[in-house]
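Down below is the structure, laid out as structure tokens.
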2 protein chains.
Amino acid sequence: MNFQQLRILQEAKRRDFNFTEVANALFTSQSGVSKHIKDLEDELGIELFERKGKRILGLTPPGQQVQVFVERIVADMQNIRRVAENFANQNTGQLVVATTHTQARYALTKVVAEFKQRVPQVELALQQGSPQEIAQLLIRGDADIGIATERLTEMEDLACFPFYEWHHAVIVPNGHPLLQVVELTLSEIAKYPIVTYQEGYTGRALINKAFADCNLSPHVVLSALDADVIKAYVELGMGIGIVAPMAFDAKKDSDLKMLDCKHLFATNQSVIAVKKDKYLRGFAIELIQLCNAGLSTEHIRFAVEGATN
Amino acid sequence: MNFQQLRILQEAKRRDFNFTEVANALFTSQSGVSKHIKDLEDELGIELFERKGKRILGLTPPGQQVQVFVERIVADMQNIRRVAENFANQNTGQLVVATTHTQARYALTKVVAEFKQRVPQVELALQQGSPQEIAQLLIRGDADIGIATERLTEMEDLACFPFYEWHHAVIVPNGHPLLQVVELTLSEIAKYPIVTYQEGYTGRALINKAFADCNLSPHVVLSALDADVIKAYVELGMGIGIVAPMAFDAKKDSDLKMLDCKHLFATNQSVIAVKKDKYLRGFAIELIQLCNAGLSTEHIRFAVEGATN
DNA sequence: GATGCTTACGATACCCGTAAAGATA
DNA sequence: TATCTTTACGGGTATCGTAAGCATC
């Protein structure tokens, strides 16, 4: 048994058991992959892959159980490398932050600027995606830190820390009749066509829920991934927008007005997430603390690594 | 990075950083050990061992952090092997049960007999030791299942299941004045010289505590590891014995009488312990269920492996 | 016929062990 | 001086990649 064999096992599952792709992904030859797997199967005395002649269909039951440990071994190897890098080059390296457009564009700008000033040598990569994609990236080990508003807290394998709370706000073009309304209500809002986030993004679920709880079915004429798109269409008069308030800039968005709606929508909790059992380099913890200054290094490490026991 | 290097790291810590011993333990050469470590240090770009010239003193801080992951990787390799064996040879293999004399001699006899009948092919090894030694064996992965009365539940890295409960009993030679006493009390017992278990064994702590709580300081004339020794000296008239009741056999021990003392000593809880994150083979779970029929396979697996998340 | 797994084989690199050298107590 | 680590070197083995063989779709 050696590491290459385990890496191949892991990659095989991720590449849908196509050994050719596995070989490419690991920069080696098809035949090597094939042989490594055969060797491992011989050594263990069991078949790891379900075969139909020379076609691989999937994992056998023992193969599935083995896979669980393989994943952890490969992750731990990376942890060892990360520990070493952390000591060898204190403040150089790569940090991959998986996040949504809203966070990257508005909430994280200050954090990123501050981070770059503190550890300029670190190559910071903002990887954008949906919350589900962010979770995937974290769990597969392709991203170090995930930041989003939805779904991350539900994942068993992620450790989450609070980032900040916010409420959706309504944006309307200048001179819109809603600006005359004294007490804004959901039914008032529902009278107008709405432009807001796609399902699964930036608290859209809470928007749906707020209306559903009042038995209202608003007319969403357009949904988009980010507030910039939403604002553009609101400016065009396609409807009123429901966005995250940090996306509104009174100066730049002078053609629009924002209406506060704290009382109408439930609280959104943006969170910072990390895969459990992952070794975090010093600057990764620094970034988390820039997001939430109340988190001590010990607390973060314990939540992430202490979960082992 | 390869497995041999990690095995060497692990063994180095266990052998107090004597590379010569490490080489012997792993059936390889000194020089190989040295080179492997150097290679790994070069690859990681850090020193793992604190050196004074050519003398190894211990682990560097990064070395200590690396060690944590090394331990888990090596354990997971064994888990993979165990999964494979479990599927390859359903009911053959080895099962190491670490336990104390009391459990091995009295509580486990039925369990072992039943187990041998069910899976005769499994080589069952009863490894005797103190509760502390049992915990060590489990944590180092040298034993699969631990059974004892003390200290195992306190260990963070062990998953524990209840086995059975019991209370200490007093044994006296035939015709002993204590047999005339109607209501047995601790102060009555404390009048006589006592023969009982050594510190750390078979609930001795609870015996001490019971007397201490009553401000009594009994005269323990002899302490021994097991009840057979204790009974022998009670028969010789050296004093009265305090033992686990399962050690008393009215027929065989016809020279002795047992006095029930449920009301005098606190309850002892015997437990079955397993190292967390360890893959248990089918017959290991079977043995646990023979000890405690109320435990489902799923419950056991979850307590041991599910603790990962 | 195209894709994809397996087997065969030769070159290379890696690992191991013997032996000598260097360092520490 | 005895113990223990490091370095040097040669033999053996395992790994890798090219290429050919052969199922599956």
Side-chain angles (χ1 to χ4, degrees), chain A residues 1-60 62-63 66-67 70 73-74 77 80-81, chain B residues 1-60 62-63 66-67 70 73-74 77 80-81:
Chain A
M1 192 185 318
N2 62 42
F3 281 128
Q4 181 72 340
Q5 290 168 343
L6 303 193
R7 264 192 297 264
I8 287 172
L9 272 194
Q10 188 190 46
E11 206 63 32
K13 189 183 178 190
R14 294 186 176 181
R15 306 270 166 185
D16 252 353
F17 312 106
N18 182 327
F19 290 177
T20 311
E21 275 190 45
V22 171
N24 292 334
L26 297 179
F27 304 103
T28 183
S29 66
Q30 234 167 343
S31 70
V33 170
S34 215
K35 185 158 193 322
H36 264 310
I37 287 176
K38 191 180 178 311
D39 287 348
L40 186 57
E41 287 182 327
D42 287 349
E43 179 181 340
L44 295 179
I46 52 172
E47 304 244 304
L48 296 169
F49 291 93
E50 204 78 67
R51 290 172 170 86
K52 184 180 178 182
K54 288 197 176 181
R55 231 67 176 186
I56 310 292
L57 301 177
L59 290 166
T60 58
V66 166
Q67 194 75 32
V70 169
I73 289 176
V74 174
M77 283 176 52
I80 288 177
R81 294 232 165 74
Chain B
M1 193 187 315
N2 62 43
F3 281 127
Q4 181 71 340
Q5 290 167 344
L6 302 193
R7 263 191 297 263
I8 287 173
L9 272 193
Q10 189 190 45
E11 207 61 33
K13 190 182 178 191
R14 295 187 175 179
R15 307 270 166 185
D16 252 351
F17 313 107
N18 181 327
F19 290 176
T20 312
E21 273 190 45
V22 171
N24 292 335
L26 298 178
F27 304 103
T28 182
S29 66
Q30 234 166 343
S31 69
V33 170
S34 215
K35 185 160 195 318
H36 264 309
I37 287 176
K38 191 181 179 309
D39 287 348
L40 185 58
E41 287 183 327
D42 287 349
E43 178 181 340
L44 295 178
I46 52 172
E47 305 244 302
L48 295 169
F49 291 92
E50 204 79 68
R51 289 173 172 85
K52 184 178 180 184
K54 289 197 176 183
R55 232 65 175 187
I56 310 292
L57 302 177
L59 290 166
T60 59
V66 166
Q67 194 75 32
V70 169
I73 289 176
V74 174
M77 282 176 53
I80 288 177
R81 294 231 167 75

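In what follows, every heavy atom counts, from backbone to side chain, and hydrogens, waters and symmetry copies are set aside. Throughout, protein chains are lettered first and strands after them, A, B, ... in sequence-line order, and every chain is numbered starting at 1.
- The side chain of B:His36 places an N or O atom within less than 4.0 Å of a non-bridging phosphate oxygen (OP1 or OP2) of C:dC16.
- For C:dT18, neither phosphate oxygen OP1 nor OP2 lies less than 4.0 angstrom from any side-chain nitrogen or oxygen of B:Ser29.
- Put simply, the side chain of B:His36 reaches to within 4.5 Å of the side chain of B:Asn2, judged on heavy atoms.
- Of all non-hydrogen atoms in A:Ala12 and A:Val22, the two that sit nearest each other are CA-CG2, 3.5 Å.
- B:Ser31 is linked by a side chain to side chain donor-acceptor pair (under 3.5 Å) to B:Ser29, counting only residues two or more places apart in sequence or in another chain.
- Minimum interatomic distance between A:Arg81 and B:Leu44 (heavy atoms only, all atoms of both residues): CA-CD2, 4.4 Å.
- One can place CE of B:Met1 at 17 Å from C1' of C:dC14, the figure rounded to the nearest angstrom.
- For B:Gln30, the side chain to side chain contact (heavy atoms under 4.5 Å, CB included) test picks out B:Thr20, with sequence neighbours left out.
- Looking at residues two or more places apart in sequence or on another chain, you find a side chain to side chain contact (heavy atoms under 4.5 Å, CB included) between A:Glu47 and A:Glu41, A:Arg51, A:Thr60.
- In this structure, the NZ atom of B:Lys38 is 14 Å from the P atom of C:dC14, given to the nearest Å.
- Defined by atom type and a distance below 3.5 Å, a donor-acceptor pair is present between the side-chain atoms of B:Gln4 and B:Arg7.
- The minimum heavy-atom distance between B:Ile80 and A:Leu6, with the atom names listed, is CD1-CD2, 4.5 Å.
- Rounding to whole angstrom units, CD of residue B:Glu50 and P of D:dC4 are separated by 20 Å.
- Contacts of A:Lys35 with the nucleic acid, taken as non-hydrogen atoms under 4.0 Å apart, are absent.
- Rounded to the nearest 0.5 Å, atoms CG (A:Leu9) and CZ (A:Arg14) are 12.0 Å apart.
- Counting to the nearest Å, the C1' atom of D:dT15 and the CG atom of A:Leu40 are 15 Å from each other.
- Side-chain atoms of B:Glu11 and B:Glu21, non-hydrogen and from C-beta on, never get closer than 4.5 Å to each other.
- What separates CG of A:Leu26 from P of D:dT15 is a distance of 15 Å, to the nearest Å.
- Taking 4.0 angstrom as the limit, B:Ser34 places a side-chain polar atom (N or O) nearer than this to OP1 or OP2 of D:dT6.
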(request) Indicate for each nucleotide in nucleotides 20-25 of chain D, in 5' to 3' sequence, whether protein heavy atoms under 4.0 Å reach the base (B), only the sugar-phosphate (S), or nothing (-). (result) -BBBB-
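- Computed from coordinates, the B:Asn24 CG to D:dT3 P distance equals 14 Å when rounded to whole Å.
- Aromatic ring orientation, A:Phe3 versus B:Phe3: tilted (interplanar angle from 30° to 60°).
- When each of A:Gly32 and B:Ser31 is assigned the nucleotide of DNA chain D bearing its nearest heavy atom, the one mapping closer to the 5' terminus is B:Ser31.
- At whole-Å resolution of the value, CG in B:Asp39 and P in C:dC16 are 10 Å apart.
- Each end of the helix from C:dG1-D:dC25 to C:dA25-D:dT1 gets its own axis from five base pairs, and the two axes differ in direction by 40°, given to 10 degrees.
- Using a distance-only test at 3.5 Å, with no hydrogens or angles considered, a donor-acceptor pair links the side chain of A:Glu43 to the main chain of A:Met1.
- Taking every heavy atom of residues 2-23 of chain B and every atom of DNA chain C, pairs under 4.0 Å involve B:Asn2, B:Gln4, by number.
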